[in-house]
Amino acid sequence: MRVVVVGGGIGGLALGAGLRRSGHEVVVFDRDTDVAATGGYHITLDERAQSALRRLVAPEVVRRLLASGSALRLRDRDLFWDYRGRVLGHGLDLSGSASIDVDRITLRTLLAEAVGADLHLGRAVSGVGVDDRGMPRVLFADAPPVTADLVVGADGTHSVVARHLAAGPTNRPAGIIGFSGRTSRADLTAAEQHRLGTRSSMAIGPRGAALYVGFLDPVGNAALDAPELSASITTGPTYIWGAMFPESARTDFLRDLHGTALRTALLDRFRDHRWAGHTLEVIARTDPGSVAAFRFNAASTRAADLAPWAAGRITALGDAVHATPPTAGMGAGAAIQDAADLLAQLDTVPDGGATVTDAIGRYEAQMRRRGGEVLSAAMSTVRLILATNTPLGALATAALCPVVAAATRLRRPPSRPVRAMSVSGPDATP
Ligand SMILES: Cc1cc2nc3c(=O)[nH]c(=O)nc-3n(C[C@H](O)[C@H](O)[C@H](O)COP(=O)(O)OP(=O)(O)OC[C@H]3O[C@@H](n4cnc5c(N)ncnc54)[C@H](O)[C@@H]3O)c2cc1C
């Protein structure tokens with residue numbers, strides 16, 4: 001079968017690699033000119049996403065990914081803070097977790113290598129349609145159309161393909177604007193290094209201000225202890241932070257700022273919300289070149305609303321269908337699982353005698369269910385953040401934080417799981 005994939009992000013490349021490995025003819029088009037010249041920080045891949053990847057790429061690629069990823073089981077237990085730096089609670093025990101965090105650029109580069117010459121960069125698709133024989137094709141503003149047996153839109157939140165299928169947008173702004181940056185742990189004071197620790201944490205304050213600080217250490221906390229296989233672009237302990245505010249006319253100007261000016265404006269905004277100075281050090285000492293703004297878009301949390309079209313020879317996957325805010329760290333993993341499910345369904349076509357349309361219908365049913373799940377998880381955090389932005393929510397946050405913090409101090413903190421950092425656990429081996 002000849003498949004054209006529109007979009008060489010995480011889901012499109014995963015599908016391209018899987019199709020190629022299964023002997024299908026595949027072409028992946030992406031408008032970017034360099035897979036590594038892309039934005040993004042860390043991506044979380046849980047056990048289900050890793051299992052899907054194992055069905056799509058060669059074992060060696062999975063080993064290189066694990067050697068380039070930071071194992072969640074090796075970091076300290078996550079913490080929840082308030083805006084004054086008081087501990088509100090502890091995260092789940094991750095000592096048995098198989099999940100990893102990996103640089104988006106590293107993941108994309110490894111997948112692009114697996115797709116090889118079938119990835120065509122610098123090719124922006126302008127539309128999709130059908131030819132005289134009813135076969136699907138993709139259109140370009142500057143080149144002739146390309147026809148296929150199946151076209152898959154893996155072109156992200158603003159998908160041309162999904163918009164064509166749904167006859168309109170498949171997602172909308174979630175009401176939150178986010179800002180990200182990367183800070184080397186070594187650039188923080190010893191006190192702040194100690195406070196943040198080798199863990200991820202989330203801090204909330206009144207008026208919808210929130211700060212996620214993720215910990216990434218693909219060298220010290222590698223999921224697979226095989227440095228010779230590592231392709232990681234992060235070479236030391238690093239905090240990836242994400243600042244969030246409700247989107248409003250007062251946040252619009254932030255989207256036009258860059259670098260040091262954006263960093264300064266963010267710090268001012270947190271100070272206006274009365275955040276304690278030390279909680280902002282991770283932003284104050286960030287590399288200004290790494291600071292970027294992005295808007296959260298979300299599709300419906302109802303599975304039945306997703307992919308609202310009849311199955312056919314044009315379909316879509318990932319954010320194109322179920323655009324997911326990064327608040328649950330599940331968007332990329334869901335796109336990879338979509339790719340694995342689609343490949344499994346396509347592989348039934350010649351042997352099982354099923355038609356392409358039947359196979360796509362079964363795949364879309366699986367994708368709708370998963371999309372609803374990941375969106376529900378991501379939107380629960382979005383709703384919590386937005387709830388602190390109401391007059392009552394702001395009062396409750398300010399009043400309850402000290403009470404919850406005092407109660408947390410009285411409880412014994414969970415002990416840190418002890419593990420040998422240089423030894424890879426059983427779940428690190430593909
Ligand atoms: C720049 C960027 C940075 C991100 N950073 C993070 C992060 O730090 N943490 C996190 O959890 N999630 C991040 N995400 C989101 C996460 O990567 C996605 O949720 C996940 O990868 C979903 O995968 P996808 O394949 O559906 O879409 P994406 O990975 O977004 O891929 C879509 C691809 O389609 C291409 N494309 C779009 N339109 C066209 C067109 N008309 N023609 C050709 N190509 C097109 C884009 O160039 C892109 O490569 C980021 C996404 C992007 C695009």
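We count ligands from 1, going down the list as the structure has it; atoms in each ligand are counted the same way. Counting begins at 1 with the first residue of the sequence.
Legend: salt bridge (charged side-chain N to carboxylate O under 4.0 Å, His left out) pairs involving residues 313-340, not counting sequence neighbours, sorted by first then second residue: Asp338-Arg370. The stretch residues 194-231 participates, sequence neighbours left out, in these ring-ring contact (aromatic ring centres under 6.0 Å, His included) pairs: Phe215-Tyr239.
Remark: His120 engages Phe29 in a ring-ring contact (aromatic ring centres under 6.0 Å, His included) (not counting sequence neighbours).
A cation-pi contact links Arg269 to Phe245, judged by a cut-off of 6.0 Å to the six-membered ring centre and 45° from its axis.
Checked options Asp46, Leu45, Asp101; the residue passing with Leu72 is Asp101 (criterion: side-chain contact (heavy atoms from CB on, under 4.5 Å)).
Under 4.0 Å from any atom of ligand 1, one finds heavy atoms of residues Gly7, Gly8, Gly9, Ile10, Gly11, Gly12, Phe29, Asp30, Arg31, Asp32, Thr38, Gly39, Gly40, Tyr41, His42, Ile43, Arg104, Arg108, Arg123, Ala124, Val125, Ala154, Asp155, Gly156, Val160, Gly318, Asp319, Gly331, Ala332, Ala335.
A donor-acceptor distance shorter than 3.5 angstrom exists from the side chain of Ser290 to the backbone of Arg182, with no hydrogens or angles considered.
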